[in-house]
2 protein chains.
Amino acid sequence: MQIPPKPTDAELEILRVIWQHGSSTVRQINDILNEKKTVGYTTTLKLLQIMTQKEIVRADKSDRSHVYTSLLKEEETQLHLMDQLLQAAFGGSAKKLVMQALGNGKTSQSELDEIKLLIKQLERGAE
Amino acid sequence: MQIPPKPTDAELEILRVIWQHGSSTVRQINDILNEKKTVGYTTTLKLLQIMTQKEIVRADKSDRSHVYTSLLKEEETQLHLMDQLLQAAFGGSAKKLVMQALGNGKTSQSELDEIKLLIKQLERGAE
DNA sequence: AAAAATATACGAAACTTTTCGTAATAAAAG
DNA sequence: CTTTTATTACGAAAAGTTTCGTATATTTTT
């Protein structure tokens, strides 16, 4: 599959656990998911099996407890999802999206500084 | 329903038509949708009926061709969807999302200027 | 070695979303 | 007035997503 398939909400939750904690077993993933909400063990297992079939994750079966690794890179997936929202809800206007994202005033000064730096670099690089 | 329900992809496409063209009939909405892809008339009708039930749109039935009006405001919906993506994919870091959105370098100078202005205002307003 | 705990496989139910066919009705054209 | 066209109502199929129960197998504990 050339273009990475858009993960569903439940799949994304699992991906985030793997991105944050590295390759993990079903038990590890399910435990972390259960810190936030109740999810049955076999539910998580089934999701991972489906994700394996979709080639979103890969299962290392050398041990009895299979170890799952993400086949999607975090930043690529974020970019993909962001771009899809950009088109679907903002008609492709990154400006609108950015201003909505910053508008609530919850972004710290140091983060704003990083964004300003990026903008400077973009302005420098633009011909 | 206190919090506006998150519209589905197909619902969002319809909302965008209404936001852009104002209150419209099924025929008008379906024609515009069909500029981009083939969609059956009754499919669009059914969606609008479901959206009416969900209180996403309101149907004015005084004429035979019902006229549908959005009950969701464009900016509120964008904010809602953006926030949901922010949490689900970026762990709440607006900085990461913004940098991904601007990173491709497709944002024009004048738009960057507007963003810079917003950041200045945020910095001024921050205590 | 028996019992208990842990793991995977897998079917299927419950739910949501999307799509469309058919029927009924109303309006317009002939 | 009759035929054609346009519209809504509605059921339901098709597809996708999420959840979990049960069966089976393996490992660990007693």
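First the proteins, then the strands, lettered A, B, ... as listed; each starts at 1. All of these numbers come straight from a predicted model, not from anything done at the bench.
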Could you tell me the separation between the CG atom of B:Leu45 and the P atom of C:dT22, rounded to a whole number of Å? 16 Å
Whole-Å gap separating C1' (C:dT17) and NZ (B:Lys6): 13 Å
How many Å lie between CG on A:Asp60 and P on C:dA7, as a whole number? 16 Å
Do the side chain of B:Trp19 and the main chain of B:Leu72 share a donor and acceptor less than 3.5 angstrom apart? yes
Considering only NZ, NE, NH1 and NH2 on the basic side and carboxylate oxygens on the acidic side, decide whether B:Glu13 and B:Lys36 come within less than 4.0 Å. no
Between B:Val67 and A:Lys46, which is nearer to the 5' end of DNA chain D once each is assigned its nearest nucleotide? B:Val67
In whole angstroms, how far is the P atom of C:dA9 from the OH atom of A:Tyr68? 6 Å
Taking a hydrophobic cluster as the set of Ile, Leu, Val, Met, Phe, Trp and Tyr residues connected by side-chain heavy atoms closer than 4.5 Å, whether directly or through intermediates, do A:Met99 and B:Ile119 fall within one such cluster? yes
Starting at atom CG of B:Leu15, determine the distance to atom P of C:dT17, rounded to an integer number of angstrom. 14 Å
Determine the contact category for A:Ser65: base if any of its heavy atoms lies under 4.0 Å from a base atom, sugar-phosphate if only primed atoms, P, OP1 or OP2 are that close, otherwise nothing. sugar-phosphate
Separation of B:Glu11 atom CD from C:dT17 atom P, in whole Å? 7 Å
Examine distances only and state if a side-chain atom of A:Asn34 and a backbone atom of A:Asn30 form a donor-acceptor pair shorter than 3.5 Å. yes
note: A:Ile29, atom CD1; C:dT8, atom P; distance rounded to Å ~ 10 Å
Taking only side-chain nitrogens and oxygens of B:Thr8, does any of them come within less than 4.0 Å of OP1 or OP2 of C:dT18? yes
Positive for side chain to side chain contact (heavy atoms under 4.5 Å, CB included) with A:Lys95, one of B:Ile115, B:Leu112, B:Leu118: B:Ile115
Side-chain N or O of A:Gln49 closer than 4.0 Å to phosphate OP1/OP2 of C:dA9: yes
Whole-Å distance separating the NE2 atom of B:His66 from the C1' atom of C:dA27: 13 Å
Please list, in 5' to 3' order, the outermost nucleotides of DNA chain D lying under 4.0 Å from any heavy atom of chain A. D:dT17 to D:dT27
The nucleotide from C:dA12, C:dA27, C:dT18 with an atom nearest the side chain of B:Arg64 is C:dA27
Between A:Tyr41 and C:dT8, does any side-chain N or O lie under 4.0 Å from OP1 or OP2? yes
Determine whether a donor-acceptor pair (N or O, by modelled atom type, separation under 3.5 Å) exists between the side chain of B:Asp63 and the backbone of B:Ser65. no
Go through C:dT18, C:dT6, C:dT22 for me and flag the one nearest to the A:Arg27 side chain. C:dT6
Quick one: does B:Ser24's side chain have a donor or acceptor within less than 3.5 Å of a partner on B:Gly22's backbone? yes
